[in-house]
Number of protein chains: 2
Amino acid sequence: MRIAVTAPSCRLPEAAAERVRALAAAEFPDVELVFHPQCFLSDGHFAGPDAARAEAFVDCANDPDFDALWFARGGYGSNRALEGILPRLTDAARAKTYLGYSDAGFLLGALYAAGIGTVAHGPMPGDINRDGGAAAVRRSLAWLATRDPASVEASVDGATPAVAFNLTILSHLLGTPWAPDLSGHVLMLEEVGEYMYRIDRALFHLSSDPMIRRVAGLKLGRCSDIPPNDPDFVRSEQQIAEEWCARAGIAWLGRADIGHDIDNKLVPFGRT
Amino acid sequence: MRIAVTAPSCRLPEAAAERVRALAAAEFPDVELVFHPQCFLSDGHFAGPDAARAEAFVDCANDPDFDALWFARGGYGSNRALEGILPRLTDAARAKTYLGYSDAGFLLGALYAAGIGTVAHGPMPGDINRDGGAAAVRRSLAWLATRDPASVEASVDGATPAVAFNLTILSHLLGTPWAPDLSGHVLMLEEVGEYMYRIDRALFHLSSDPMIRRVAGLKLGRCSDIPPNDPDFVRSEQQIAEEWCARAGIAWLGRADIGHDIDNKLVPFGRT
């Protein structure tokens, strides 16, 4: 199978691509991994201008010779490319798998809302730079190559539709034309690098949204690298999530095995 | 006139209240300023538990002997008290003026959405702690006491309805049951302490919302204390705002004289 990698958010270092290529070559001989040159562009915060990021995405998505499009890494910026991508996708794009997380959640959400392709939340090539990151990259490659069930978050049963998002990204996607209808879905959320008061505020925002109140339930992934709150926030991220679920009448379904870390499991969107 | 002060977000230091009391006594002899004891409560991040903050607000708002309710300061937390406040307000609350900004924008928005009272975005007692903060406090007192036109943001013409919000707060209010319909309004936004990429992301969120796309136009207040973006974001906050306005078909109306500083002018909501 052939997997294209583009960077809809921030630039991927060449050395990271090289390590992922080597891992794929060694362990997944049936996978051909093609890093689009756009991955290595730089334009201020982004992996090239909005138009270049959109162009690379559309080129790969509409190319019938690719089976999957894997997002290189997160950061910030995929939202800026949405309007340059979504209207231009063709039937070839519908036959494809899309995989990433973090900022790429803007694209996962928009693709899922449009019913385009098989969409999944999970590790990206950029995760190779984490300590032990090969495990995360391997997990995604195993799922892309063979739909290895061991790669998938354990609570995903295939019958109840599921989705996973970074909390802040979903908060910024709500209300836009690209937001998917998550009614009836198990919603998994993870966060990284946000103060506890911001986690609380984003969960207020989400859980107050009438559409989000129709989810089948909420599962909280890991919230890592939380800066110290001054004064102490007292509540933990799980207490916060449970409180907003209770207030909003959303079923609290416990923790999810996802996060900005090497243990991040895959969550295919919808029924599987 | 009698003005009540409560703290729907974070605790006000007693010393700040004392300085504001002294300023009011010296310069506004017709004003009786009553700091509700709840202002000085502390419960982790907040000025007392959600229920105590809601109770103090409702007590003062529903008390016909007060003419105005002035929010003590921002921080975070007024959103957590909304559901304990809005359903309990009576006719006495409708005859009142409400003034604050920053996190208190959750309340300004919810009150304006419910058509309760005269709502305005402007300096709070806590601003006394800024260098030269007496000027900001004096500006609000002059408007509360006499509707001094010199206190009001210069572009407010009274005919076109206007509103002002902290960017991040409005982003988190959108889609909730407490969000006002801003169609036809001049929307003024200000921000403090957010990375440029977050300003960009929040403006994407707002300007992608169909309701926000119906505003009469957008004016950008000051964006202060922006942490350095790594790498440099290249665009300034004004370029960002102009870009999202252009993309969304929102009229760009230039800068607004509001912000987290002592020059922050008042913006009465709606037509005046």
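Naming: A, B, ... by sequence-line order, numbering from 1 per chain. A quick note: this is a predicted structure, and the numbers were derived from the prediction, not measured.
The contact between B:A202 and chain A is made by backbone and side chain atoms together, counting heavy-atom distances below 4.5 Å. The contact between B:L82 and chain A is made entirely by side chain atoms (from C-beta outward), counting heavy-atom distances below 4.5 Å. Both the backbone and the side chain of A:R80 come within contact range of chain B, with heavy atoms under 4.5 Å apart. In this structure, chain A has no heavy atom under 4.5 Å from any part of B:D103. Only the backbone of A:D232 comes within contact range of chain B, judged by heavy atoms closer than 4.5 Å. Residue B:I169 touches chain A through its side chain alone, counting heavy-atom pairs closer than 4.5 Å.
Stacking of A:R53 on the aromatic ring of A:F46 is recorded, both the 6.0 Å distance cut-off and the 45° axial limit being met.
Nearest heavy-atom pair, A:C10 versus A:A47, reported as atom, atom and distance to 0.1 Å: C-CB, 3.4 Å. Closest non-hydrogen pair, B:V119 versus B:Y112, comes out as CG2-N, 4.1 Å.
Proximity of a side-chain donor or acceptor of B:H205 to a complementary backbone N or O of A:L174 within less than 3.5 Å is detected. At distances below 3.5 Å, at least one donor-acceptor pair connects side-chain atoms of A:R11 with backbone N or O atoms of A:F40.
Residues that satisfy the side-chain hydrogen bond (donor to acceptor under 3.5 Å, both in side chains) test with A:T6, not counting sequence neighbours, are absent from this structure.
Most heavy-atom pairs under 4.5 Å with chain B: of the set A:R235, A:M211, A:R213, this distinction falls to A:R235. Among B:G77, B:S207, B:P231, the residue with the largest count of heavy-atom pairs under 4.5 Å with chain A is B:P231. Ranking A:G75, A:P210, A:S208, A:P177 against chain B, the residue ahead of the rest is A:S208, based on heavy-atom pairs under 4.5 Å.
Aromatic ring orientation, B:H172 versus A:H172: perpendicular (interplanar angle above 60°, classes split at 30° and 60°).
Aromatic ring centroids of A:H185 and A:F269 lie 6.0 Å or more apart.
Heavy-atom proximity under 4.5 angstrom to chain A picks out B:G193, B:E194, B:Y197, B:R198, B:D200, B:R201 from residues 189-201 of chain B.
The closest side-chain heavy-atom distance from A:F106 to B:F204 is below 4.5 Å.
Residue B:D181 places its CG atom among more than 12 non-hydrogen atoms of other residues, nucleotides or ligands, all under 6.0 Å distant.
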